[in-house]
Structures are given as structure tokens and as C-alpha cells.
Peer 1: 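A single structure is presented below for examination.
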Amino acid sequence: MRTAVSRLELLQPRSLQHALRMLRDEGPLTPLAGATDLYVAVNFGTLDSTRFLNLWGLEPLRRITLCGDTLRIGALATYTSLIRSRLVRQRLPILARAALEVGGVQIQNRGTLGGNVANASPAGDTLPVLAVAEAVVVLRSVDRERRVPFAEFYTGYRQTVRRPDELIVGLEIPPVEGRQWFRKVGTRAAQAISKVVIAAVRGSSPRIALGSVAPTVIRLSQVEHALGAGAGMDEAVHRLDQDIQPIDDLRSTADYRRDVAGNLLQRFWAETGGLSS
Ligand SMILES: Cc1cc2nc3c(=O)[nH]c(=O)nc-3n(C[C@H](O)[C@H](O)[C@H](O)COP(=O)(O)OP(=O)(O)OC[C@H]3O[C@@H](n4cnc5c(N)ncnc54)[C@H](O)[C@@H]3O)c2cc1C
């Protein structure tokens, strides 16, 4: 049954520091950014929380900047702002590409990068991109900021290392060397959650990450190692089975996901061949 909205409380911080103090002193509170995931839970009546911290007005968390060689993207950057950002298109075009394939225009206007990362769905479309970019998740509490490598952020199905008194304030992305590639396979082009999503970079050593084929987004370490050592595609596809554990669920079957992952891997390699830097 739909959660009764009248039971819910929304706290309105005036600044990031105010938000962090509320999180520490008035918790437990659930951060609320664009609310595109949280409203789904309201509609399905699966929302455990009743008290929310509204981040939407925290303008400094929307910024996309270059700091030295590092691309910094604030947690509240929406998909629309990622698509429009010249910096993102120049430095990490597969992030803009992934953003273009999220939901429809309404979701792109409200949904945020920080929300996608914090929501921790294995089907989150930006997560394979952040995995191959070797992004760093910046977490802040009242008295401390810490940087967690993306590969260490997820600890299990919908589990992260974020503590209840911390917010994701942004993502830091170092320069990415090599040709970038992204594909999402879903039921249809818009408003469909991925059956399989892949991001990859063909540089001096290949980086490949898949979503929707394991409890968390994963890097294909066996496949990367094999391709980096000069193995052929047959061997790489064989290694795929050691990297992924797809499941049957309402969106797809494990066999289908395995076949699609193999096909995407082959397309990535064929379409980026001869152009690696
Ligand atoms: C119709 C529809 C289509 C969709 N299509 C796609 C799709 O194609 N691909 C895809 O990947 N997703 C899709 N989504 C899911 C959703 O839009 C994204 O995950 C979006 O990025 C979530 O961001 P948000 O700001 O709306 O998060 P919210 O709903 O506000 O929050 C999501 C979770 O993250 C937490 N959170 C948010 N921001 C922070 C922060 N800064 N620090 C700590 N915790 C935080 C919240 O507490 C909550 O647990 C779709 C959703 C809908 C409703």
C-alpha cells in the first residue's frame, strides 16, 4: 500500500554544514536529493524511513569543475547538467552518454549522480562508468571528509561504506586514458532499467565494468587481465563466466544476461580496435 505522505517529515537545511549537523544531531534521517528513487518506494509502500533531509537546495553540491587534472562533480549534479557539461563531454563522454539513457527527460532533470551512487542498485547506469573511470567518492560528516575509491564503496547488494552521519558530496574523476565505450541494454530506449549495462576503456590496459550481472557493479578483472595480456576474444568470453554471477529476475534471465554480456564485450573490442592510445 502507498505510504501515507502525511506521516513523513522533511527537514530543510540552510547549508551543507547545517545539513551535516542535522544528520548528526537529529538523525536517523534519510537524505533526499531528486527523490526519483525515493518516490518509487513511497508509491510501493516499501519506504522504511519517515524522516528526510532535503538536499535539493544545496547549490554548491551541483558544481562541475576541473581542479588541476581532476574532474569534480557535485553529488547534486543532475543527468541534464551532466549531458550539458562541456567538461563532462570532453573528459568523460561515456558519463554524458549514460546520463542520456537514464529514464526520460523528467527523470534526467531531477535525478542526481549522488543519488544514483548512494541508491546502490546494481542496475544504476552511471556506476559502470564511475568504475572504469576509477572515480573517488567524497564523503563528508560534520568534522571529517574522506575519499573512498569507487572499487571499495560497495560492500554487497545495496550496501555501501557510507555512515549514517555522512553525505556523498561529490565524485572525483582522474584523467582517463584510452577510448571510452558505453552501452545499455534494456527493454526499450527510455524509462527502462538496464538488463545489462557496460562501460569500458581501451587504453594501455583495458578496463571493463558491468552492471546488472552481480550484486554490485563489477570490474571484469579476469577478462581485463586476459585481454591486457594479449588473449583472443574466445578466451576473454570464457573468462567472463569467472567474473559475473547474473541472476534470473523480473527483468531478465541469467542466461540472457550472460549472452548479452558476451556480445557487448565482443562489440566493445571490435569497435575500439586499432584506435587505442
Ligand atoms: C521512471 C524512472 C526511470 C528511471 N530510470 C533509470 C535509468 O534508466 N537508469 C538508472 O540508473 N536509474 C534510473 N532510475 C532511478 C533514479 O532516477 C536514479 O537512481 C537517480 O539517479 C536517483 O537520484 P535522486 O537524486 O533522485 O535520488 P533520491 O531518490 O533522492 O535518493 C536515492 C537514494 O540515495 C540517497 N541519497 C541521495 N543523495 C545522497 C547524497 N548526496 N548522499 C547520501 N545519500 C544520498 C537517498 O537517501 C536514497 O537512499 C529511474 C527512476 C524512475 C522513477
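Counting starts at 1 for both ligands and their atoms, following the listed order. Start at 1 with the first residue, then count along the sequence. Computed from heavy atoms alone, side chains included, the values below leave out hydrogens, waters and symmetry copies.
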Peer 1: Looking only at heavy atoms, which two atoms of E101 and Q108 are closest? And how far apart?
Peer 2: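 Heavy atoms of E101 and Q108 come nearest at N-NE2, 4.4 Å.
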Peer 1: Relative to atom 28 (P) of ligand 1, which among S212, G74, A35 owns the nearest non-hydrogen atom?
Peer 2: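 It is A35 that holds the nearest heavy atom.
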Peer 1: So, E271 and R202, do they make that salt bridge, N to O below 4.0 Å?
Peer 2: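 Looking at R202 together with E271, the answer is no, because their closest N to O distance does not fall below 4.0 Å.
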Peer 1: Just go through S49, G34, S121, G104 and tell me whose heavy atom is the nearest to atom 24 (P) of ligand 1.
Peer 2: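 Residue with the shortest heavy-atom distance to the ligand atom: G34.
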Peer 1: For ligand 1, which atoms have a heavy atom of T30 less than 4.0 angstrom away?
Peer 2: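 What qualifies from ligand 1 is 47 (O).
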Peer 1: Does the ring of W56 carry R110 above it, NZ/CZ under 6.0 angstrom from centre and within 45° of its axis?
Peer 2: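 Judged by the rule (NZ or CZ under 6.0 Å from the ring centre, within 45° of its axis), R110 counts as positioned above W56.
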Peer 1: Taking N or O atoms only and a 3.5 Å limit, does D37 qualify as a polar contact for ligand 1?
Peer 2: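 Yes.
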Peer 1: Do you know which two heavy atoms are closest between L20 and V142, and how far apart they sit?
Peer 2: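 What the structure gives for the nearest pair is O-CG2, 3.3 Å.
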Peer 1: Have a look at ligand 1 and work out which part of I107, if any, has a heavy atom under 4.0 Å from it: side chain, backbone, both or neither.
Peer 2: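 Side chain only; the backbone of I107 stays clear of ligand 1.
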Peer 1: Enumerate the atoms of ligand 1 whose separation from the nearest heavy atom of E101 is less than 4.0 angstrom.
Peer 2: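 Heavy-atom distances to E101 below 4.0 Å select 8 (O).
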Peer 1: With respect to atom 27 (O) of ligand 1, which of G114, G115, A41 exhibits the smallest heavy-atom separation?
Peer 2: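 Among G114, G115, A41, the closest heavy atom to atom 27 (O) of ligand 1 belongs to G115.
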Peer 1: Please report the closest heavy-atom contact between P174 and A135, naming both atoms and the distance.
Peer 2: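 So the two residues come closest at CD-CA, 4.4 Å.
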Peer 1: Using a plain distance cutoff, I'd like to know if T36 has any nitrogen or oxygen under 3.5 Å from a nitrogen or oxygen of ligand 1.
Peer 2: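 Yes, at least one N or O pair falls under 3.5 Å.
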Peer 1: Which of these passes side chain to side chain contact (heavy atoms under 4.5 Å, CB included) with I208: L227, L240, I218, V201?
Peer 2: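 In the set L227, L240, I218, V201, the residue that makes a side chain to side chain contact (heavy atoms under 4.5 Å, CB included) with I208 is L227.
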Peer 1: Relative to ligand 1, is A75 under 4.0 angstrom through side chain, backbone, both or neither, heavy atoms considered?
Peer 2: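 Near ligand 1, A75 shows its side chain, while the N, CA, C and O stay back.
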Peer 1: Would you call the rings of F153 and F150 parallel, tilted or perpendicular if under 30° counts as parallel and over 60° as perpendicular?
Peer 2: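 Geometry flag for F150 against F153: parallel rings.
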Peer 1: Below a 4.0 angstrom heavy-atom separation, can you tell me which part of K184, side chain or backbone, both or neither, approaches ligand 1?
Peer 2: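 It is the side chain that gets close, since no backbone atom is under 4.0 Å.
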Peer 1: If you measure from each non-hydrogen atom of Y39 to ligand 1, which part falls under 4.0 Å: side chain, backbone, both or neither?
Peer 2: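 Y39 to ligand 1: no contact under 4.0 Å from either part.
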Peer 1: Does the ring of W181 carry R183 above it, NZ/CZ under 6.0 angstrom from centre and within 45° of its axis?
Peer 2: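 Yes, R183 sits over the ring of W181.
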Peer 1: Return yes when E166 approaches ligand 1 closer than 4.0 angstrom through a heavy atom, no otherwise.
Peer 2: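 False for this residue.
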Peer 1: Provide the closest heavy-atom pair for G156 versus T216 in the form atom of the first, atom of the second, distance.
Peer 2: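 That would be O-CG2, 3.3 Å.
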Peer 1: CG of D234: more than 12 outside heavy atoms within 6.0 angstrom?
Peer 2: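 Result for CG/D234: open.
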Peer 1: Using heavy atoms and a threshold below 4.0 Å, how should the contact between V40 and ligand 1 be classified: side chain, backbone, both, or neither?
Peer 2: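 Answer for V40: side chain.
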Peer 1: For atom 31 (O) of ligand 1, which of I168, L38, V117 has the closest heavy atom?
Peer 2: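 Result: the heavy atom closest to atom 31 (O) of ligand 1 is in L38.
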Peer 1: Taking R257 first and then D249, would you say they form a salt bridge - that is, a charged N and a carboxylate O separated by under 4.0 Å?
Peer 2: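 The answer is yes: the pair qualifies as a salt bridge.
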Peer 1: Looking at non-hydrogen atoms alone, which of A77, G103, A33 comes nearest to atom 38 (N) of ligand 1?
Peer 2: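 The option holding the nearest heavy atom is A33.
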Peer 1: Only heavy atoms of N116, strictly under 4.0 Å: list the atoms of ligand 1 that pass.
Peer 2: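 Listed by number with element, the hits are 10 (C), 11 (O), 12 (N), 18 (C), 19 (O), 21 (O), 22 (C), 23 (O).
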Peer 1: Check ligand 1 against G124 and write out every atom of the ligand that is under 4.0 Å from a heavy-atom position of the residue.
Peer 2: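 Per the distance check, 11 (O).
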Peer 1: For atom 40 (C) of ligand 1, which candidate among V102, I193, L55, D125 provides the closest heavy atom?
Peer 2: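 Comparing heavy atoms across V102, I193, L55, D125, the nearest one to atom 40 (C) of ligand 1 lies in L55.
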